[in-house]
Amino acid sequence: MSRYDASEIEAKWQAIWENRGCFHAEVDRSRPKYYVLEMFPYPSGKIHMGHVRNYTQGDVVARYKRARGFNVLHPMGWDAFGMPAENAAIERGVHPARWTYDNIANMRRQLQRMGFSYDWRREIATCHPEYYRHEQAMFLDFLDAGLVDRRESWVNWDPVDNTVLANEQVIDGRGWRSGATVERRKLTQWFLRITAVADELLAELERLTRWPERVRLMQENWIGRSEGALVRFALEGRADRLEVFTTRHDTLFGASFCALAIDHPLVQELARGDTRLAAFVEDCRRIGTTEAAIETAEKLGFDTGLRARHPFDGRSLPVYAANFVLMEYGAGAIFGCPAHDQRDLDFARKYGLPVIPVVAPEGAPAPAIGTEALTGDGRLINSDFLNGLTVAEAKRAMAERLEAIGAGERKITYRLRDWGVSRQRYWGCPIPVIHCADCGVMPVPRADLPVRLPDDVTFDQPGNPLDRHPTWKHVACPRCARSARRETDTFDTFVESSWYFARFCAARYDQPVDRAAADYWLPVDQYLGGIEHAILHLLYSRFYTRAMAKTGHLGALAEPFAGLFTQGMVLHETYVDAAGALLFPEQVARRADGQLVHASTGAPVRAGAVEKMSKSKRNVIDPEDIIKAHGADTARLFMLSDSPPERDLEWTTAGVDGARRFLHRLWRLVDEAPTFADGADTAGDAGALALRRATHRAIKAFTDDLDGFHFNKAIARLHELMNAMAEVDEGGTAAHAAYREALETLVRLVGPIAPHLAEELWQRLGHDRLLAMTPWPAADASLVFQTDVTIAVQVNGRLRATLTLPKGMARAEAERAALADEAVKRAIADQTVRRVIVVPDRIVNVVV
RNA sequence: GCCCCCUUGGCGGAAUUGGCAGACGCAGCGGACUUAAAAUCCGCUUCCCGCGAGGGAGUGCAGGUUCGAGCCCUGCAGGGGGCACCA
């Protein structure tokens with residue numbers, strides 16, 4: 001009996017696959033293509049279990065599709081720009097490039113150790129000038145095509161570190177590193193005009209049928225299309241008019257105030273001459289920039305003293321500056337109708353403003369408004385020419401009247417804002433423009449691309465190293481040759497990940513994209529990644545695909561990702577000692593009686609909540625340790641067992657042991673299998689026929705499960721087949737051929753999941769051809785088809801008997817068989833049968 | 001605050017999408033093998049009553065629709081996620 005040594009056979013087959021170039025992809029128009037892509041990782045240093053899960057799923061798809069005859073493209077690369085590299089530079093003094101490339105080398109080794117079937121010739125790292133030079137070239141094309149804008153925008157500013165902070169770096173209004181109170185500052189920044197295609201991005205969502213419904217919904221909400229109207233109010237004592245956006249113009253007669261965002265130009269103007277208003281504006285800034293913070297904060301307003309005149313009834317309305325109005329949305333100003341909007345009502349009650357109901361529920365009198373606004377449908381009241389109309393009718397009538405008198409017009413707005421891509425950081429792709437005092441903003445001449453990041457930078461001072469570099473930013477203006485200044489902002493790292501899938505089609509091509517290759521490979525047939533990218537990354541990539549098509553880098557491609565799968569997180573127990581301190585799993589041991597104790601001190605340990613693996617919770621399991629202890633195949637199998645892939649998976653040692661046990665059992669089955677000739681006649685042997693049926697049902701079910709992404713169910717089919725094999729007498733000669741067929745089927749089906757072991761066993765079963773190159777097994781329909789079915793018989797919905805009947809039996813016959821059953825007769829007793837429902841091959845329900 | 005998702009045995013989950021609830025695995029219990037243990041193999045395993053045949057209850061809670069509901073509808077409870085400079 002031979003021993004299953006995972007690390008030995010895994011190394012062996014990885015070398016063979018590599019030497020034979022099994023996973024190299026080439027354009028081949030004679031075969032159907034299949035592009036499977038997992039979201040490429042940020043090179044943080046080590047792969048984590050989330051990667052292992054995501055990439056195992058992708059690899060199963062890639063290997064399965066290959067076996068199904070597809071020409072599969074399955075590439076891997078590195079999303080290599082970003083803040084962690086700069087943090088490492090600041091904290092440990094290591095250069096971001098060095099840190100990043102070292103991390104890539106280690107993570108590449110780890111991924112290769114997992115046996116993923118990537119075409120490594122196509123590997124890309126986005127921080128490499130050979131990648132980002134194309135990004136710069138495309139940006140210039142976007143600039144020419146009018147897809148780029150430059151304007152002022154707010155940022156979080158840390159006055160001590162002299163740096164812009166990401167939202168996640170702002171903790172309770174303070175900078176995460178300095179602890180200084182964060183300010184908001186206005187900077188001139190670059191924007192990609194994603195709002196120009198908002199309508200299309202929204203409309204096309206409907207056709208992404210192979211995307212999860214909830215991702216489409218999240219994008220829909222993010223784009224946030226709303227149909228409404230602009231209303232212009234005259235301002236008393238001023239020549240300019242106040243423009244507000246509303247989706248409830250039907251309630252205009254219920255208006256009792258107007259409210260402006262604190263960033264509204266009118267508020268800014270008034271604040272210059274009003275220190276109390278200026279102080280209010282500053283207070284509001286401290287709430288933060290996120291929608292959640294603004295929405296949950298107490299609604300506060302400041303009466304500006306301005307008065308707006310109602311366009312129809314001429315009432316004079318107070319104008320407030322308010323903390324819940326967003327400058328980025330609509331017109332940055334609203335009118336408040338307290339009776340029919342909860343926020344407006346809260347505000348009106350707080351500041352003693354009138355509450356005028358203008359919509360009454362159908363058939364009801366004018367409602368009394370207490371603390372709850374009335375947001376439902378109804379008919380208009382107290383509203384002049386709108387009285388008696390429904391809400392929808394009133395909107396239409398009001399829009400027409402506003403347009404007729406020039407006090408407003410219909411308007412569609414989006415919650416979606418343009419994509420700000422400027423980042424005041426070093427470790428990103430330099431934005432290829434030059435600022436000249438005379439000529440303005442000049443694109444870097446294409447011949448001068450790439451604009452490379454300088455290597456000689458320091459992180460010993462706060463701020464952007466590019467900005468304080470002694471020479472880098474000083475260049476001659478490309479037009480007038482006078483001294484000018486290089487743009488020192490770099491791109492948001494979402495820019496790199498918005499087109500990498502296109503670059504993979506021809507990763508070394510001297511243009512950003514090889515149109516011929518991209519036309520063949522794109523769209524990505526199956527994209528796999530985390531739900532955390534449901535909105536930004538995917539939306540930006542969809543926008544980029546359109547922008548690239550507009551600038552000729554891609555053909556008329558509707559969408560980059562035809563199919564999307566979002567996998568769940570990997571969770572693990574947390575461990576807490578008596579003092580309440582968190583412990584790492586390797587510090588915890590389980591005693592024979594099941595009690596958790598500290599591995600070295602023996603002190604009792606309590607198991608805490610099961611949470612997403614993270615360093616801060618100390619509940620991480622290093623994939624490398626698992627591979628060393630059990631092998632890559634065990635890790636892969638465990639990742640797919642039990643939990644459905646879209647749901648969270650709890651990492652447990654028991655589960656890993658179970659996966660390993662299964663592989664050992666499979667090994668033993670092959671190792672101990674009797675030697676026998678192929679094709680022995682199995683006719684007439686009932687056990688052999690039953691096994692053959694089980695085998696072909698397993699092929700059918702397993703294949704369907706893979707197609708449906710039900711990996712956990714697919715693995716259950718393997719167990720079932722193995723159990724069926726155990727039931728036949730493998731010593732009986734008549735069963736030999738059927739037994740061998742079952743065994744070979746097991747090995748072939750497990751191939752995409754545990755590829756090394758499967759390849760080894762395939763060879764031991766006497767095959768010369770690599771399993772990786774062997775077509776997928778086909779199920780024999782005549783063996784899958786069942787001649788008899790077990791149907792349930794219910795009386796009044798309660799199960800009383802089960803009958804085995806020929807498949808496809810007529811309703812009347814099934815009914816007769818059911819009524820003839822003793823247990824059914826007993827249940828009916830002396831009651832009258834009123835009705836019998838027969839669902840063929842399923843169920844008979846007798847109603848008495 | 002707004003939007004979304006989830007809730008099935010001791011545990012992870014399955015249920016052909018309205019038709020036998022609990023496939024498969026884990027854990028547990030019993031047995032075989034062994035001097036013994038590990039490993040392996042066989043059997044049992046939703047809960048309650050019953051020696052048994054059998055009967056009853058059961059998919060977070062409360063209702064509803066239906067011949068029939070884990071699945072559809074209404075309300076509620078609990079858990080989780082997203083909300084624009086992390087990637």
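Proteins get letters first, then strands, A, B, ... in listed order; numbering begins at 1 in each.
- The phosphate of B:rA15 (OP1 or OP2) has a side-chain N or O of A:Lys713 nearer than 4.0 angstrom.
- Residue-level contact check: A:Phe662 touches neither bases nor backbone, having no heavy atom under 4.0 Å from any strand.
- Looking at A:Asp821 and A:Lys825, no side-chain N of the basic residue comes within less than 4.0 Å of a carboxylate O on the acidic one, giving no salt bridge.
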Distance-only check: which donor-acceptor pairs under 3.5 Å involve side-chain atoms of residues 641-655 of chain A, not counting sequence neighbours?
residue, atom, partner, partner atom, Å
A:Ser641, OG, A:Leu637, O, 2.7
A:Asp648, OD1, A:Met569, N, 2.9
A:Thr652, OG1, A:Gly655, N, 3.0

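- In the set B:rC85, B:rC3, B:rC20, the nucleotide with an atom closest to the side chain of A:Leu799 is B:rC20.
- Using a 4.0 Å heavy-atom distance criterion, A:His533 is classed as a base contact.
- Between the CZ atom of A:Arg842 and the C1' atom of B:rG68 there is a distance of 14 Å, given to the nearest Å.
- When only modelled atom types and interatomic distance are considered, A:Gln189 and A:Arg423 share no side-chain donor-acceptor pair under 3.5 Å.
- Of the candidate nucleotides B:rG12, B:rC67, B:rC42, B:rC42 has the atom lying nearest to any side-chain atom of A:Ala726.
- What separates CG of A:Leu640 from P of B:rG12 is a distance of 19 Å, to the nearest Å.
- In summary, A:Asp705 and A:Arg717 engage in a salt bridge, as defined by a charged side-chain N under 4.0 Å from a carboxylate O.
- In this structure, A:Val847 reaches the sugar-phosphate backbone alone: every heavy-atom distance under 4.0 Å involves primed, P, OP1 or OP2 atoms, never a base.
- Looking at residues two or more places apart in sequence or on another chain, you find a salt bridge (charged side-chain N to carboxylate O under 4.0 Å, His left out) between A:Arg415 and A:Glu291.
- Phosphate proximity of B:rA84 to A:Arg417: absent, as no side-chain N or O sits under 4.0 Å from OP1 or OP2.
- The base-pairing partner of B:rU45, taking Watson-Crick or G-U wobble contacts with both distances under 3.5 Å, does not exist among the strands shown.
- Across all strands, A:Val836 comes closer than 4.0 Å to no nucleic acid atom at all (heavy-atom distances).
- In the set B:rC24, B:rG55, B:rA87, B:rG55 carries the atom at the smallest distance from any side-chain atom of A:Arg800.
- Nearest to the side-chain atoms of A:Leu217 among the listed nucleotides B:rC4, B:rG19, B:rA87 stands B:rC4.
- The side chain of A:Thr493 sits closest to B:rA87 out of B:rA23, B:rC20, B:rA87.
- Residue A:Leu416 has its side chain nearest to B:rA84 when only B:rC24, B:rA84, B:rC85 are considered.
- Residue contacts for A:Asn723: at a heavy-atom cut-off of 4.0 Å it reaches the sugar-phosphate backbone alone, with no base atom in range.
- In this structure, B:rU74 and B:rA62 make a Watson-Crick or G-U wobble pair, each of the two defining distances being under 3.5 angstrom.
- A sub-4.0 Å separation between OP1 or OP2 of B:rA14 and a side-chain N or O of A:Arg647 is present.
- Following rounding to the nearest Å, A:Asp657 (CG) and B:rC26 (C1') show an atom-to-atom distance of 10 Å.
- Between the side chains of A:Gln342 and A:Asp346, at least one donor N or O lies within less than 3.5 Å of an accepting N or O.
- In this structure, A:Thr790 reaches the bases: a heavy-atom distance under 4.0 Å links it to at least one base atom across the strands shown.
- Backbone-only engagement by A:Arg798 is indicated by non-hydrogen atom pairs under 4.0 Å involving sugar-phosphate atoms exclusively.
- Atom pair A:Met639:CE and B:rG25:P shows a separation of 21 Å (rounding to whole Å applied).
- A:Gly655 comes within 4.0 angstrom of no nucleic acid atom, judged by non-hydrogen atoms across all strands.
- Shown here, B:rC11 forms a base pair with B:rG25; the pair counts as Watson-Crick or G-U wobble because both key distances fall under 3.5 Å.
- Residue-level contact check: A:Ile837 touches the bases, meaning some heavy atom is under 4.0 Å from a base atom.
- With no hydrogens or angles considered, a side-chain donor-acceptor pair links A:Ser226 and A:Tyr329 at under 3.5 Å.
- Listed pair A:Arg661 / B:rC26 meets the phosphate criterion, a side-chain N or O lying under 4.0 Å from OP1 or OP2.
- Under 4.0 angstrom from either OP1 or OP2 of B:rC83 there lies no side-chain N or O belonging to A:Asn221.
- Judged by the 6.0 Å distance and 45° axis criteria, A:Arg216 is not positioned over the aromatic ring of A:Trp211.
- Rounded to an integer number of Å, the gap from CD of A:Glu496 to P of B:rA87 is 10 Å.
- Between B:rA15 and B:rC72, the distance separating the two P atoms is 14 Å to the nearest Å.
- As rounded to whole Å, 10 Å separates atom C1' of B:rC2 from atom NZ of A:Lys299.
- Comparing B:rG68 with B:rC20, their C1' atoms sit 12 Å apart, to the nearest whole Å.
- Under the 90° criterion around 0 for the glycosidic angle, B:rU7 counts as anti.
- By the rule that a glycosidic angle within 90° of 0 means syn, B:rG9 counts as syn.
- Look at the P atom in both B:rG64 and B:rC26: the space between them is 42 Å, to the nearest Å.
- Going from the P atom of B:rA53 to that of B:rC49 covers 16 Å, rounded to whole Å.
- Regarding A:Asn156, its CG atom lies at a distance of 9 Å from the P atom of B:rC86, rounded to whole Å.
- Ring geometry for A:Trp427 against A:Phe81 counts as perpendicular: the plane angle is over 60°, on a 0 to 90° scale with 30° as the lower cut.
- Within a 6.0 Å sphere centred on NZ of A:Lys46, heavy atoms belonging to other residues, nucleotides or ligands number 12 at most.
- To the nearest angstrom, C1' of B:rA23 lies 11 Å from CG of A:Asp705.
- Nearest to the side chain of A:Arg665, among B:rG13, B:rC41, B:rA84, sits B:rC41.
- Residue A:Arg717 is the one, among A:Gly797 and A:Arg717, whose nearest nucleotide of RNA chain B lies closer to the 5' end (criterion: closest heavy atom).
- Using a 4.0 Å heavy-atom criterion, one finds that A:Trp419 contacts no nucleic acid atom at all.
- Taking 4.0 angstrom as the limit, A:Arg214 places none of its side-chain polar atoms (N or O) nearer than this to OP1 or OP2 of B:rC3.
- Of all nucleotides listed (B:rC85, B:rG12, B:rU16), B:rG12 comes nearest to the side chain of A:Ser643.
- Here B:rC2 sits opposite B:rG82 as a Watson-Crick or G-U wobble pair (both hydrogen-bonding atom distances under 3.5 Å).
- Rounded to the nearest Å, the gap between the C1' atom of B:rG81 and that of B:rC71 is 24 Å.
- When distances are taken from the side chain of A:Gln424 to each of B:rC85, B:rG19, B:rA14, the shortest belongs to B:rC85.
- Using a 4.0 Å heavy-atom distance criterion, A:Gln189 is classed as a base contact.
- B:rG19 and B:rU66: their C1' atoms are spaced 12 Å apart (whole Å).
- Taking only side-chain nitrogens and oxygens, A:Arg425 never comes nearer than 4.0 Å to OP1 or OP2 of B:rA87.
- Rounded to whole Å, the separation between the C1' atoms of B:rG9 and B:rG63 comes to 26 Å.
- Within 4.0 Å (heavy atoms only), A:Pro644 reaches sugar-phosphate atoms of the nucleic acid but no base atom.
- Nearest nucleotide to the A:Gln794 side chain, out of B:rC20, B:rA14, B:rA87: B:rC20.
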